[in-house]
A.B. asks: 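Quick one: the structure is below, questions incoming.
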Amino acid sequence: MSRISRARIAAVSAVAALAVASPVALAGTAQAAGGTAPACVSRSVDASAHTVYLANVCGKTMRVTVVFTNGSESPCFTMSAGSTLEYRYGTKTYARTAVC
C-alpha cells in the first residue's frame, strides 16, 4: 500500500470518528439543561456563600438544574410540589436555573 493510500485512509478514518462522536457529545449537553425554569420555581442566590435556594411553588413536580456561567451545571433535581432545595456550588458563578 502506498503512502498516499495510507494517509487517505487515516484521514477518512479520523473524519468518520469525529462524525460519529460529535452527535453523542452534543446530545448529552442538549438533553441536560433546557429553557430557564418558570417563575414558580423561586430562586434566591447568596453569591458570597456560593449557594442557591430553590422552592417549587408550581403545584406540580418540576425537574431543575443549576447552570453556571462557565457552561457547567448541577445534576438534575426532581422537586415535588412545595419542596425546597439548597444547592452549594463552590467557586463557580450562578447563571440561571433551568428545566431538565
Side-chain angles (χ1 to χ4, degrees):
M1 196 179 279
S2 71
R3 282 185 172 168
I4 295 174
S5 295
R6 286 184 196 155
R8 283 185 184 168
I9 290 170
V12 169
S13 296
V15 169
L18 182 59
V20 170
S22 293
V24 172
L26 294 175
T29 303
Q31 244 177 341
T36 299
C40 59
V41 177
S42 68
R43 48 281 226 178
S44 176
V45 179
D46 183 346
S48 64
H50 299 281
T51 305
V52 61
Y53 304 92
L54 304 174
N56 177 5
V57 294
C58 296
K60 63 180 182 178
T61 298
M62 298 295 293
R63 292 175 45 86
V64 297
T65 184
V66 177
V67 181
F68 305 101
T69 56
N70 69 357
S72 67
E73 59 193 61
S74 73
C76 184
F77 299 107
T78 300
M79 298 182 68
S80 59
S83 68
T84 60
L85 173 72
E86 177 181 326
Y87 183 71
R88 295 175 192 253
Y89 52 86
T91 59
K92 300 173 185 171
T93 302
Y94 174 88
R96 66 188 179 103
T97 299
V99 294
C100 52

A.B. asks: Go through the structure and list residues passing side-chain hydrogen bond (donor to acceptor under 3.5 Å, both in side chains) with Ser72, not counting sequence neighbours.
C.D. replies: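 By the side-chain hydrogen bond (donor to acceptor under 3.5 Å, both in side chains) rule, Ser72 matches Asn70.
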A.B. asks: Taking all atoms of both residues into account, what is the closest heavy-atom pair of Lys92 and His50, and its distance?
C.D. replies: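 Minimum heavy-atom separation between Lys92 and His50: O-ND1, 3.6 Å.
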A.B. asks: Using the rule given for side-chain contact (heavy atoms from CB on, under 4.5 Å), can you reason through Thr61 versus Thr78, listing the C-alpha separation, both sets of side-chain angles and the distance that settles it, and then say yes or no?
C.D. replies: CA-CA 7 Å; Thr61 298; Thr78 300; 3.5 Å; yes
A.B. asks: Rounded to the nearest 0.5 Å, how far apart are CE of Met62 and CG of Leu85?
C.D. replies: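 Met62 CE to Leu85 CG: 13.5 Å, rounded to 0.5 Å.
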A.B. asks: Using 0.5 Å steps for rounding, measure from the SG atom of Cys76 to the CZ atom of Arg63.
C.D. replies: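 One finds 3.5 Å between SG of Cys76 and CZ of Arg63.
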A.B. asks: Take Val66 and Glu73, measure what side-chain contact (heavy atoms from CB on, under 4.5 Å) needs, and give me the verdict at the end.
C.D. replies: CA-CA 5 Å; Val66 177; Glu73 59 193 61; over 6 Å; no
A.B. asks: Among residues at least two apart in sequence or on other chains, which ones pass side-chain hydrogen bond (donor to acceptor under 3.5 Å, both in side chains) with Thr51?
C.D. replies: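 Here no residue qualifies.
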A.B. asks: Looking at every heavy atom in both Gly34 and Ala98, which two are closest together, and how far apart are they?
C.D. replies: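 So the two residues come closest at O-CB, 3.6 Å.
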A.B. asks: Is it true that the side chains of Ser48 and Asp46 contain a donor and an acceptor less than 3.5 Å apart?
C.D. replies: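 Indeed, the side chains of Ser48 and Asp46 share at least one donor-acceptor pair under 3.5 Å.
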A.B. asks: Do side-chain atoms of Asn56 reach the backbone of Ser80 as a donor and acceptor pair under 3.5 angstrom?
C.D. replies: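 Side chain of Asn56 to backbone of Ser80: a pair is present.
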A.B. asks: Provide the full list of ring-ring contact (aromatic ring centres under 6.0 Å, His included) pairs with a residue in residues 55-82, sequence neighbours left out, each pair given once.
C.D. replies: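 Every ring-ring contact (aromatic ring centres under 6.0 Å, His included) pair that includes a residue of residues 55-82, provided the two are not neighbours, is Phe68-Tyr89, Phe77-Tyr87.
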A.B. asks: Assess the residue pair Cys58 and Val41 against the criterion (side-chain contact (heavy atoms from CB on, under 4.5 Å)); give the C-alpha distance rounded to whole Å, side-chain angles, the decisive distance to 0.1 Å, and a yes or no.
C.D. replies: CA-CA 7 Å; Cys58 296; Val41 177; 3.8 Å; yes
A.B. asks: Please report the shortest heavy-atom distance between Lys60 and Ala81, naming the atom on each side.
C.D. replies: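 Closest heavy-atom pair between Lys60 and Ala81: N-CB, 3.6 Å.
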A.B. asks: Between Val67 and Val52, is there shared hydrophobic-cluster membership here, with clusters defined by ILVMFWY side-chain heavy atoms closer than 4.5 Å?
C.D. replies: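 Looking at the clustering, Val52 is in a separate group from Val67.
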A.B. asks: Can Thr65 and Ser74 be said to form a side chain to side chain donor-acceptor pair (under 3.5 Å), step by step?
C.D. replies: CA-CA 6 Å; Thr65 184; Ser74 73; 3.2 Å; yes
A.B. asks: Can you see which heavy atom on Leu54 is nearest to which on Arg43, and at what distance?
C.D. replies: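 Looks like CD2-CB, 3.4 Å.
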A.B. asks: Give the intermediate values and the outcome of side-chain contact (heavy atoms from CB on, under 4.5 Å) for residues Val64 and Met79.
C.D. replies: CA-CA 8 Å; Val64 297; Met79 298 182 68; 3.7 Å; yes
